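Being a predicted model, the structure only gives us computed values, none of them experimental. Just so we're on the same page: letters track the sequence lines, and every chain starts at 1.
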2 protein chains.
Amino acid sequence: MNYSVSEENYIKAIFHLQGDSGNVTTNDLAAALHTRPASVTDMMKKLKAKKLISYQPYYGFKLSAEGRKTALGIVRRHRLWEYFLAEKLNFDWEDVHEVAEHLEHVSSKKLIDKLDEYLGFPKFDPHGDPIPDSAGHMESDARNMLSETEAHQMVTVAYVSNQSKEMLALLKHRKIRIGTKLEIIKKFSFDQSLEIKPKNQQAFSISETLAKNIFVTHEQ
Amino acid sequence: MNYSVSEENYIKAIFHLQGDSGNVTTNDLAAALHTRPASVTDMMKKLKAKKLISYQPYYGFKLSAEGRKTALGIVRRHRLWEYFLAEKLNFDWEDVHEVAEHLEHVSSKKLIDKLDEYLGFPKFDPHGDPIPDSAGHMESDARNMLSETEAHQMVTVAYVSNQSKEMLALLKHRKIRIGTKLEIIKKFSFDQSLEIKPKNQQAFSISETLAKNIFVTHEQ
DNA sequence: ATAAAATTTTAGGCAAATCTAAAAAATATT
DNA sequence: AATATTTTTTAGATTTGCCTAAAATTTTAT
Ligand SMILES: [Mn+2]
Ligand SMILES: [Mn+2]
Ligand SMILES: [Mn+2]
Ligand SMILES: [Mn+2]
C-alpha cells in the first residue's frame, strides 16, 4: 500500500516505458533510471513479490492491475505538482519536472485531493500530459503529430513528446507552449521542414525533428 | 550541502531540543525521534564528521553554526508548507504538521523562495511559530503565558506551546486559534482557572493546564 | 547448427540507517 | 569511597538499494 521512493520511481518508469506491447526490458529500464541492469533485476524480484508486476526472468515485465493503479497515483501527483509550480508559483515550463520528481513522493491522499481541488481539477499538466483524477481516469484526446498535419490548417499545440531541457529551451525561444494556436503555412518536401505562423507572431520555419515532437489538436 | 531525510530529521530535532543550555543528550534525542540511543550515537558520529554538530562522547552535542543554519532552512520549509496547507488548501490546524513533516525534505531553494513569495512572505505558521526568512532570520516577539496575564486585558493568541492532537482538538472545540482576540474576565485562585471571553463569543472558563500552553501578545 | 554477441541474472560486496545485547563510562546512592 | 544505577557507546546483525564481475541464457550472425 505504501511504497519507497525507489519503488515508486521504478513503478512510474515501467508505466511510461510500456507502450502498446506492454512489455519492458531490463536494459531499457536501467537506462531510463540511470542505474545498472543488476539493480533492476533486484528490484523486479521485489516488485513481483509485492504483486505490482508480472515478471518472467529473461523475458521482461509489465505492471499488474495493482501496479498500474499505483503508477497512475504517482503520475497524478507528479502532474498536479507540475501544474501547481507552473500556474501558481510561476515556474518556467522547463523547470517544473525536476522539482515534481521529488514532490510526487509525498503520498498523502488528502494532500493531493485538496491540491487538485485548489487548482480547479486541471485536466492537463504544463506539458500537455493528461492528469489522472482521483479514480485514475484521464482524458485521452486525439492528437496529431505536427509533422504529419496538412498545410493551411489552424491547430492548437496540445502536447510535446520530447521534454528534454534542450527541446523546451527551443520551444521557449520560439514562444510555443501548450495552448498556442498556429497555422501551417507551407511544408517543404526537400527536408520536411515546415513554415508555421503562431497567432500574433511572425511566421518562421521549424525542422522536421521539432515537428515530430509537437502534437496538435484541430478542434476549435 | 545536501542531506538525507534522516540526517535532516536529526538536525531539526536537535535544533528544537537545544533550549538555552544548548546541549542535547542521547536519550532525549532518541525519545524525540522514536528511535534507540544506539542509533543516535551512530548518527552523531556522522553529523560530527560533517561538522554540523560539536560532540563530546558521553557529554551530549550541540549544533555548529553550519548545523544551525541547516536547521533553520528545514524549519523554514516546514513552516512555509504548514502555512500553505492551512491557508491555501484549507487543512485543519491540527493536520498540517504531519504532511509538512514530509514536504520539508524537498529541498529546492527556488521552490521554497517562490512558495514564500506566493504566500506573501508570512511571518508565522498556523501554530504561531515564526518562519525564518531566506537568510535564516525570524521574528521573536514578546509573548506571555496566558496563565500569567492580568485580568481585564484584551490579548491576542500568538502561539501554543503544546501542539498535541488532544490540545489542538480542545482549542478547535473552543474556537481558539492564532490571532483570536480575547478578554480575561477573571482569574480564580482556587484552581488557577480563568474565565475568558473571545471576541464575538460567550465567556467560558479554561483550566490552568490549558492557560499555561497558550501564549498571547498585548500590542494592538 | 554452431559460434559470437547481447542481454539478463547471480554471486558477492558495500554504505546507510536501523536494531538488540553487551560493555564502558558517568552519575547517584549509601 | 565503594557500590548501584543510569546513560551512553560499542559490537555485531539486518534490511534496503545500489554496485562490479562472472555466469547463465537468449538472440543474432555465420
Ligand atoms: Mn521521482
Ligand atoms: Mn509533465
Ligand atoms: Mn521530517
Ligand atoms: Mn508549526
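- D42(B) places its CG atom 15 Å from the C1' atom of dT15(D), with the value rounded to the nearest Å.
- In this structure, OH of Y55(B) is placed 9 Å from P of dT8(D), rounded to the nearest angstrom.
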>> Could you walk me through whether T25(B) and D28(B) satisfy the side-chain hydrogen bond (donor to acceptor under 3.5 Å, both in side chains) test, starting with their C-alpha distance in whole Å, then the side-chain angles of each, then the deciding distance to 0.1 Å, before giving a yes or no?
In response: CA-CA 5 Å; T25(B) 66; D28(B) 284 355; 3.3 Å; yes
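- Taking side-chain N and O atoms only, Y59(A) has no distance below 4.0 Å to OP1 or OP2 of dT9(C).
- Among the atoms of the strands shown, none is found under 4.0 Å from any heavy atom of F61(A).
- Applying the 4.0 Å criterion to OP1 and OP2 of dT16(D), one finds that S6(A) has every side-chain N and O outside that range.
- Side-chain atoms of D191(B) and S193(B) form a donor-acceptor pair, as typed in the model, at a separation below 3.5 Å.
- We find that K212(A) and E208(A) are joined by a salt bridge, their nearest charged nitrogen and carboxylate oxygen being less than 4.0 Å apart.
- Here K45(A) does not reach the OP1 or OP2 of dT9(C): none of its side-chain N or O atoms lies under 4.0 Å away.
- Between the side chain of D125(A) and the backbone N or O of L80(A), no donor-acceptor pair lies under 3.5 Å.
- For M43(A) and dT9(C), the CE to P distance is 14 Å, given to the nearest whole Å.
- Taking every heavy atom of residues 28-37 of chain A and every atom of DNA chain D, pairs under 4.0 Å involve T35(A), R36(A), by number.
- Across the interface with DNA chain D, nearest-nucleotide mapping of A38(A) and V5(A) shows V5(A) to be the residue nearer the 5′ end.
- Residues V160(B) and I178(B) share a closest heavy-atom pair of N-CD1, 4.4 Å.
- Between M44(B) atom CE and dT18(C) atom P there is a gap of 10 Å when expressed in whole angstrom units.
- Side-chain N or O atoms of R76(B) include none that pairs as donor or acceptor with a backbone N or O of G136(B) at under 3.5 Å.
- For dC18(D), the OP1/OP2 oxygens have no side-chain nitrogen or oxygen of S39(A) closer than 4.0 Å.
- Looking at S39(B) and D42(B), their side chains never bring a donor and an acceptor atom within 3.5 Å of each other.
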> Stepwise, does the salt bridge (charged side-chain N to carboxylate O under 4.0 Å, His left out) test hold for R77(B) with E82(B)?
Replying inline: CA-CA 9 Å; R77(B) 301 196 295 260; E82(B) 283 193 345; over 6 Å; no
>> Strictly under 4.0 angstrom, non-hydrogen atoms only: write out the protein contact profile of nucleotides 1-7 of chain C, one letter per nucleotide from the 5' end, B, S or -.
In response: ------S
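- Between F61(A) and S54(A) the shortest side-chain heavy-atom distance does not fall below 4.5 Å.
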